Amino acid sequence: MLKPVFAAALAVTAALGTVVLGPSGPAAAATRAPASGNDGASVGGVRGVPAAGTGEDCPYTAFCVYTGTAWSGTRFDLYSCTTFNLYGWNGAGSWANHESAGTQPRILDADYNVITAVQPTTGPNNQILQGNYDWAPAYHVRPC
């Protein structure tokens, strides 16, 4: 048996004929938790690993995003030329570009507009590092 408050809410919902469960489709990818910082942040389809804290841990041919500043926290290695969704990125972190020569990653907002076009590398030993980056406006990353 439902408690009176829940029964009344259910009756109102039934009368309206709709139930809102939350966003779906492209809007769901842009949904943010109201937290601050990057604790618990993730990248859709990519498993994070503990960061070494130097940026030098970013493998060759990857664009790496870090949940903490100075290449700390969790590192996510982005390899494929696709658009990755960011979840829970609400504060300062960092990134490292160690992709093949000439590849230019882009950090995008909720509407897929470019926020930052990262400088392309010039060769396999050239790595471009950014130790303090504000991920709050970023919702997606395209590594190429």
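As the structure is a prediction and not an experimental result, all values here were calculated from the model. Numbering of residues begins at 1 and proceeds along the displayed sequence.
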Hey, is the main chain of Gly68 close enough, under 3.5 Å, to the side chain of Ser94 for a donor-acceptor pair?
yes
Check whether any side-chain heavy atom of Val65 lies under 4.5 Å from a side-chain heavy atom of Phe84, and answer yes or no.
no
How close do Ala96 and Gly55 get, counting heavy atoms only, and between which atoms?
CB-O, 4.0 Å
Which heavy atom in Ser80 sits nearest to a heavy atom in Pro143, and how many Å separate them?
O-CG, 3.5 Å
State, yes or no, whether a side-chain contact exists between Pro59 and Arg75 at a heavy-atom distance under 4.5 Å.
yes
Output yes when a side-chain donor or acceptor of Thr121 lies under 3.5 Å from a complementary backbone atom of Glu99, and no otherwise.
yes
With the side chain counted from C-beta on, respond yes when Val43 and Asn85 share a heavy-atom pair under 4.5 Å apart, and no when they do not.
no
Is the shortest heavy-atom distance from the side chain of Cys144 to the side chain of Thr103 under 4.5 Å?
yes
Are Tyr66 and Leu86 joined in one hydrophobic group, where the rule is that I, L, V, M, F, W and Y side chains link up if heavy atoms are under 4.5 Å apart?
no
Transitively linked via ILVMFWY side-chain contacts under 4.5 Å: Trp89 with Ile107?
yes
When rounded to the nearest 0.5 Å, the distance separating SG of Cys58 from CD1 of Ile128 is 11.0 Å
When you compare the side chain of Leu129 with that of Glu56, does any pair of heavy atoms fall below 4.5 Å?
yes
According to a hydrophobic-cluster definition based on side-chain heavy atoms being under 4.5 Å apart (Ile, Leu, Val, Met, Phe, Trp, Tyr only), do Trp71 and Val46 belong together?
no
Which atoms form the tightest heavy-atom contact between Ala117 and Val114, and what is the distance?
N-CG1, 3.9 Å
Is there side-chain contact between Cys81 and Arg142, with at least one heavy-atom pair below 4.5 Å?
yes
For Ser100, does its backbone N or O pair with a side-chain atom of Thr61 as donor and acceptor, under 3.5 Å?
no
Closest non-hydrogen atoms of Asp111 and Asp109, given as atom of the first, atom of the second and distance, are N-OD1, 2.9 Å
Donor-acceptor pair, Thr67 side chain versus Thr74 backbone, under 3.5 Å?
yes
Any donor-acceptor pair under 3.5 Å from Asp134 side chain to Ala92 backbone:
no
Describe, in one word, how the ring planes of Tyr112 and His140 are oriented to each other, choosing from parallel (under 30°), tilted (30 to 60°) and perpendicular (over 60°).
parallel
Locate the shortest heavy-atom distance separating Asn97 from Gln119; write the atom from each residue and the value.
ND2-O, 3.0 Å
Quick one, Trp135 and Val141 - any side-chain contact, counting heavy atoms below 4.5 Å?
yes
Mark yes or no for whether Asp77, through its side chain, and Ala62, through its backbone, hold a donor-acceptor pair below 3.5 Å.
no
Does the pair Leu78 and Trp95 meet the rule for a side chain to side chain contact (heavy atoms under 4.5 Å, CB included), with working shown?
CA-CA 11 Å; Leu78 310 180; Trp95 55 257; over 6 Å; no
Hey, could you give me the CG/CG distance between Leu108 and Asn113, rounded to the nearest 0.5 Å?
8.0 Å
